[in-house]
Structure formats: C-alpha cells, structure tokens
> 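Sharing a structure with you now.
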Amino acid sequence: MTQDKLKFYDLELDNRLLLGTAQYPSPKILNDAITQSGTQMITVSVRREMGVGQGQESSGQAFWELIQQTGTYVLPNTAGCRNVQEAVTTAHMARELFDTPRIKLELIGNEDTLQPDVFALVEAAKILSDEGFQVYPYTTDDLIVAEKLLEAGCEVLMPWGAPIGSGQGLQNPKALQTLRAYFPNVPLVVDAGIGLPSQACQAMELGYDAILLNTAVAKSGDPVAMAVAFSNAIQAGHSAYQSTPILPRDMASPSTPVVGTPFWFD
C-alpha cells in the first residue's frame with residue numbers, strides 16, 4: 001500500500017503499531033505504553049473480560065475504563081477458542097461488550113505451537129463476514145489460505161511471523177514476501193513471533209502495513225520504552241519500504257565512480 005494512512009475496512013490510522021493488553025506489570029505501565037507509543041488500536045481478549053468471577057467485577061470494570069480513557073480503537077479477539085462455534089459465539093459477545101463490528105479471529109489448532117486451525121478459521125471467517133463483522137484473521141503465511149480468507153470476506157490478513165510469544169522474528173520471510181506480492185492492495189499485518197524492534201522493521205521493509213505485538217513489549221524489562229522503540233522501528237521500516245530500497249547485488253558497486261577522475265603523478 002502506498003498511502004500514508006493505514007486503512008482497515010472503514011477505519012484510518014496514522015500509527016502502524018497495534019498493541020496487545022495482556023501480561024503488563026500494572027495498569028499504569030499498560031496505559032503509559034499505549035499513550036507514549038502512539039498506538040491507535042489495541043487488542044483485548046473477550047474471554048478475559050467474560051471470565052471475571054465473583055469479587056473481580058470491579059477489577060474488570062477498572063480495566064475497561066482504563067482502555068476507554070486511552071482513546072484507542074479496540075480490536076476484541078477470540079483468543080483461546082478451539083472450534084468454529086466457540087469463535088462465533090465469542091465474536092457475538094465481543095460485539096455486545098465493546099459495541100464494535102471489529103473482531104480479531106483466532107482459532108488455535110495446535111497446543112504446542114499455537115498454530116491457527118486454518119480450516120476452521122476460513123469457515124468461521126465466512127460466517128462472521130456474512131453477519132457483518134469486520135474480521136481480522138490470525139493466520140499462517142500460506143498463500144492458499146490467504147486466498148480463501150479473502151474469498152470468505154476478510155479485507156485484512158494477519159499472518160504470523162513465528163509462534164505466539166516466541167520472539168523468534170520472521171521464520172519465513174520469503175513466504176511473507178510472496179503474500180505481499182500477490183496481494184498488493186490488501187492490508188497485511190504481521191501478528192505474533194516478533195521479539196525485537198529490528199525484526200518489526202524487517203517485516204515493514206518487506207512492505208507489510210502494520211505489526212501486532214504483545215509479549216515482546218509487556219514482558220520486557222521496560223514495557224514503555226520498548227513500546228516506543230517498536231513504534232519508531234515500525235515507522236522506520238515503513239519509510240524505508242516507501243523509499244524503494246536498492247536491490248542486493250552479487251558484486252561490489254563503488255559509491256564514488258573512478259571513471260573520469262583525474263590522477264596526479266609525482
């Protein structure tokens with residue numbers, strides 16, 4: 001995409017960092033990370049909000065008030081869902097809780113890698129898209145799955161860089177590059193596996209439109225400083241891609257040509 005603003009469905013954003021809200025040391029640190037990084041969209045687990053038990057209602061309400069005070073757009077997610085019915089039901093809850101058609105669709109198929117169940121993902125995406133949801137699917141970097149999700153009605157794709165929370169960076173940059181080449185006008189977000197700002201910058205240099213992060217920020221030694229570092233790296237990578245980087249060469253190419261340069265001899 002060549003525009004300065006990032007567009008998801010009917011929503012326009014200036015900042016290309018999307019932040020998760022789990023695992024932060026305190027509400028204040030979460031709030032500071034959100035405000036100082038400049039992120040305009042945050043993800044919230046519907047199951048965490050619905051799972052508030054007796055005696056915890058005030059804590060859940062305080063969390064929701066904190067989120068509202070940041071002024072960011074909320075992207076509820078279906079984290080923890082294992083089948084289509086579970087995900088669809090959770091999405092319905094999210095629409096009622098947060099009064100938004102946006103839903104980050106997660107359907108986990110493997111307990112060790114937390115890899116998405118892409119078959120159930122496509123099925124659930126079709127159901128929710130037909131019901132008017134704006135679906136943000138957490139998927140793999142598989143080209144055919146991406147095509148099926150677009151056919152199901154998704155207008156955004158969120159392929160993983162590596163397993164959730166692993167911090168491994170981009171395990172398969174060639175596959176991510178292929179997705180970018182095949183879908184030049186589809187907003188693409190690397191979601192999961194990023195551990196360092198340099199890895200986020202690499203993804204943006206491939207032409208990705210945004211990065212979604214949680215663990216790399218929340219579990220770092222200084223979440224606020226790390227959120228700012230990621231925001232800066234993401235912007236740098238986007239600017240580099242927009243500037244059309246040079247292509248790699250097999251041979252050296254002198255930055256100062258010698259043809260036509262005068263030589264003096266003693």
Side-chain angles (χ1 to χ4, degrees), residues 6-13 18-23 39-53 56-57 60-61 63-68 70 72-111 113-140 142 145-160 164-165 186-192 209-214:
L6 173 62
K7 187 171 183 179
F8 292 143
Y9 292 93
D10 57 353
L11 184 65
E12 287 191 345
L13 305 175
L18 282 58
L19 273 183
T21 56
Q23 306 184 79
T39 182
Q40 295 172 287
M41 179 177 281
I42 56 176
T43 63
V44 177
S45 171
V46 180
R47 290 198 154 203
R48 182 171 68 179
E49 291 303 294
M50 293 299 294
V52 175
Q56 295 178 295
E57 286 84 354
Q61 182 62 32
F63 174 79
W64 178 227
E65 289 175 356
L66 181 153
I67 295 302
Q68 289 178 305
T70 65
T72 54
Y73 295 102
V74 174
L75 177 62
N77 68 51
T78 63
C81 291
R82 298 297 193 275
N83 58 63
V84 173
Q85 185 57 53
E86 221 178 350
V88 170
T89 300
T90 303
H92 289 163
M93 292 178 179
R95 186 158 57 181
E96 292 184 22
L97 271 173
F98 301 105
D99 191 27
T100 177
R102 293 184 294 274
I103 190 73
K104 180 191 170 188
L105 184 60
E106 296 185 35
L107 267 159
I108 300 304
N110 183 277
E111 295 298 328
T113 65
L114 300 181
Q115 180 170 329
D117 179 342
V118 294
F119 303 101
L121 183 68
V122 172
E123 183 180 347
K126 173 63 174 171
I127 293 170
L128 293 173
S129 295
D130 288 347
E131 292 181 350
F133 281 88
Q134 297 175 356
V135 181
Y136 296 63
Y138 166 59
T139 184
T140 63
D142 185 274
V145 174
E147 290 178 331
K148 297 298 183 183
L149 287 168
L150 294 174
E151 290 171 5
C154 299
E155 296 182 18
V156 177
L157 297 175
M158 304 180 78
W160 67 350
I164 294 172
V186 176
L188 299 179
V189 182
V190 170
D191 175 14
D209 298 288
I211 307 291
L212 197 159
L213 299 161
N214 191 166

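A quick note: this is a predicted structure, and the numbers were derived from the prediction, not measured. Any value given below was found using the heavy atoms of this structure, including those in side chains, with hydrogens, waters and symmetry copies removed.
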> Would you check if the side chain of Tyr9 reaches a backbone N or O of Glu155 as a donor-acceptor pair within less than 3.5 Å?
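A pair under 3.5 Å: yes.
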> Could you measure the distance from the CG atom of Leu19 to the CG atom of Asn214? Nearest 0.5 Å is fine.
7.5 Å
> Less than 4.5 Å apart, side chain to side chain, heavy atoms only: is that true for Leu6 and Gln40?
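Result no, sub-4.5 Å side-chain heavy-atom pair not found.
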> Cation over ring, Arg102 on Tyr136, under 6.0 Å and within 45°?
no
> Between the side chain of Thr43 and the main-chain N/O of Leu75, is any donor-acceptor distance below 3.5 Å?
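Side chain of Thr43 to backbone of Leu75: no pair is present.
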> To the closest 0.5 Å, what do you measure between CG (Asp209) and CE (Met158)?
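It is 11.0 Å, given to the nearest 0.5 Å.
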> Exactly one of Ile67, Thr100, Thr21 should register a side-chain contact (heavy atoms from CB on, under 4.5 Å) with Val74. Which one does?
Ile67
> Can you tell me how far the CG atom of Leu212 sits from the CG atom of Asn77, to the nearest 0.5 Å?
8.5 Å
> Name the one of Leu121, Leu157, Val189, Ile164 that satisfies side-chain contact (heavy atoms from CB on, under 4.5 Å) with Tyr138?
Ile164
> Looking at Asp99, I'd like to know if its CG atom is crowded, meaning that more than 12 non-hydrogen atoms belonging to other residues, nucleotides or ligands lie closer than 6.0 Å.
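Count not over threshold, so no.
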> I need the Glu12 CD to Tyr73 OH distance, nearest 0.5 Å.
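The OH atom of Tyr73 is 9.5 Å from CD of Glu12, to the nearest 0.5 Å.
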> Check whether any side-chain heavy atom of Leu11 lies under 4.5 Å from a side-chain heavy atom of Met41, and answer yes or no.
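The answer is yes; the side chains approach within 4.5 Å.
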> Taking side-chain contact (heavy atoms from CB on, under 4.5 Å) as the test, write out the residues that go with Ser129, two or more places apart.
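If we apply the side-chain contact (heavy atoms from CB on, under 4.5 Å) test to Ser129, skipping adjacent residues, the hits are Val135.
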> Are Phe8 and Gln134 packed together at the side-chain level, in the sense that at least one heavy-atom pair is separated by less than 4.5 angstrom?
no
> List the residues meeting side-chain contact (heavy atoms from CB on, under 4.5 Å) with Ala94, not counting sequence neighbours, and say none if there are none.
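With sequence neighbours excluded, Ala94 shows a side-chain contact (heavy atoms from CB on, under 4.5 Å) to Val46, Pro76, Phe98, Ile103, given in chain and number order.
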> According to salt bridge (Lys or Arg N to Asp or Glu O under 4.0 Å), does anything in residues 75-88 pair up with another residue at least two apart or in another chain? List the pairs.
Arg47-Glu86, Arg82-Glu111
> Which atom names give the shortest non-hydrogen contact between Thr39 and Ile42, and what distance separates them?
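Shortest heavy-atom separation between Thr39 and Ile42 comes out as CG2-CG2, 4.3 Å.
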> Are side-chain heavy atoms of Lys148 and Phe119 found at a separation under 4.5 Å?
no
> Which value, rounded to the nearest 0.5 Å, describes the distance between Cys154 atom SG and Lys126 atom NZ?
10.5 Å
> If you measure from CD on Glu106 to OG1 on Thr139, what distance do you get to the nearest 0.5 Å?
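One finds 11.5 Å between CD of Glu106 and OG1 of Thr139.
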> Can you tell me if Thr78 uses its side chain to pair, donor with acceptor, with the backbone of Leu105 under 3.5 Å?
no
> Carefully, step by step, assess Glu123 and Leu107 under the rule side chain to side chain contact (heavy atoms under 4.5 Å, CB included).
CA-CA 11 Å; Glu123 183 180 347; Leu107 267 159; over 6 Å; no
